[in-house]
Amino acid sequence: METGQAGPPGTLLMTGRGRSKSIDGQDGQNNVLLSEGYAGAPGYPKPPRHPSTVTQGAAISSPVSFSAGLTQKPSHNDVGVVHFNKVLVNDGNNYNPTTGIFTAPYEGRYLIIAVLAPERDEYIEAVLSVSNASVAQLHTAGYKRELLEYHKPRPGKRTCGGIGAFHLVLHLKARAEVSVVVTGGKLAYTDSGEMYSTFSGVFLYPSVSHE
């Protein structure tokens, strides 16, 4: 025998003891609704909304990252802001190879990396600058602590030729300018287009409001 689908659940009724008269005078049945089912469980409160894609009133609509290398003589006197001229990646166009400066488009956390290679038998002394303020410094010849100062290598002395590197997660404000500034020594470079020194950065996430 063929059967159809099950019907909806019925309504539970309670029949009264007495008989009531219907409109046409016949005996009727007094049905009383007993219940309609159980009340639903209370809903969970909505979590507070945090601005995950908005910072400083500006929407973050595109990724931000850059990577560039040095293939030319750093500057006329070997010191100053390094212009990493060979751009590999520049998502958002926030790095300027003409000035060597990366400008943060949003406030938040950034990963900043710089690798500096000196010429053979030379050293490199440099600082990582954020809006004209030094946040880190390096010297490939090493440091000697004395009253929180260090001694530079004596002129004519052979020094370590190892590379130096910055590798930091920084909190940057919108429009902060980041650059690598050489204050001593000589960076290696070649006319063949090979890169020995590089400068890179990527936007990790915006600042989270704790209100």
Side-chain angles (χ1 to χ4, degrees), residues 64-191 193-204:
V64 176
S65 64
F66 75 95
S67 187
L70 181 68
T71 62
Q72 63 185 15
K73 186 174 176 61
S75 62
H76 179 69
N77 56 358
D78 293 321
V79 296
V81 177
V82 182
H83 300 172
F84 296 88
N85 60 292
K86 187 173 182 179
V87 178
L88 304 176
V89 174
N90 197 7
D91 295 330
N93 295 317
N94 298 291
Y95 173 71
N96 187 342
T98 303
T99 61
I101 295 175
F102 166 72
T103 303
Y106 315 113
E107 181 173 357
R109 301 290 197 269
Y110 290 78
L111 175 62
I112 303 296
I113 302 172
V115 178
L116 306 178
E119 291 185 357
R120 184 181 295 275
D121 298 329
E122 284 288 344
Y123 70 96
I124 283 296
E125 182 182 18
V127 299
L128 182 64
S129 172
V130 176
S131 299
N132 296 321
S134 173
V135 297
Q137 59 181 330
L138 63 82
H139 199 309
T140 59
Y143 293 86
K144 182 178 180 181
R145 293 187 59 188
E146 182 176 331
L147 300 178
L148 302 180
E149 296 292 336
Y150 66 91
H151 295 283
K152 297 181 180 180
R154 295 191 301 271
K157 182 181 178 181
R158 293 176 64 89
T159 57
C160 175
I163 65 171
F166 296 112
H167 196 134
L168 302 94
V169 174
L170 299 176
H171 177 86
L172 301 178
K173 294 184 177 180
R175 296 178 296 279
E177 296 182 342
V178 184
S179 61
V180 176
V181 182
V182 170
T183 57
K186 293 183 178 181
L187 281 172
Y189 72 98
T190 175
D191 296 329
E194 295 291 336
M195 295 184 300
Y196 299 118
S197 299
T198 59
F199 183 33
S200 306
V202 61
F203 176 67
L204 299 177

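In this view, S134 and V127 satisfy the side-chain contact (heavy atoms from CB on, under 4.5 Å) rule, not counting sequence neighbours. Y110 pairs by the ring-ring contact (aromatic ring centres under 6.0 Å, His included) definition with F102, F203, not counting sequence neighbours. Contacts of R175 classified as side-chain hydrogen bond (donor to acceptor under 3.5 Å, both in side chains), with partners at least two apart in sequence or in another chain: none. Under the rule for a side-chain contact (heavy atoms from CB on, under 4.5 Å), the partners of S65 that lie at least two apart in sequence or sit in another chain are V89, D91, V202. Checked against side-chain hydrogen bond (donor to acceptor under 3.5 Å, both in side chains), N93 has no partners two or more places apart in sequence or in another chain. Evaluation of the side-chain hydrogen bond (donor to acceptor under 3.5 Å, both in side chains) rule for S200 yields S67 as partners, not counting sequence neighbours.
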Under the side chain to side chain donor-acceptor pair (under 3.5 Å) criterion, do H171 and E107 qualify, and how do the steps go? CA-CA 7 Å; H171 177 86; E107 181 173 357; 3.0 Å; yes
Residue pair I112, V130: steps toward the side-chain contact (heavy atoms from CB on, under 4.5 Å) verdict: CA-CA 11 Å; I112 303 296; V130 176; over 6 Å; no
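Using a 4.5 Å heavy-atom threshold, the side chains of L70 and T198 count as separate. Here the side chains of V79 and T183 are not in contact, with every heavy-atom distance at 4.5 Å or above. With a 4.5 Å cut-off on side-chain heavy atoms, F199 and V178 count as touching.
Judged by distance alone, the side chain of H139 and the main-chain N or O of A141 form a donor-acceptor pair under 3.5 Å.
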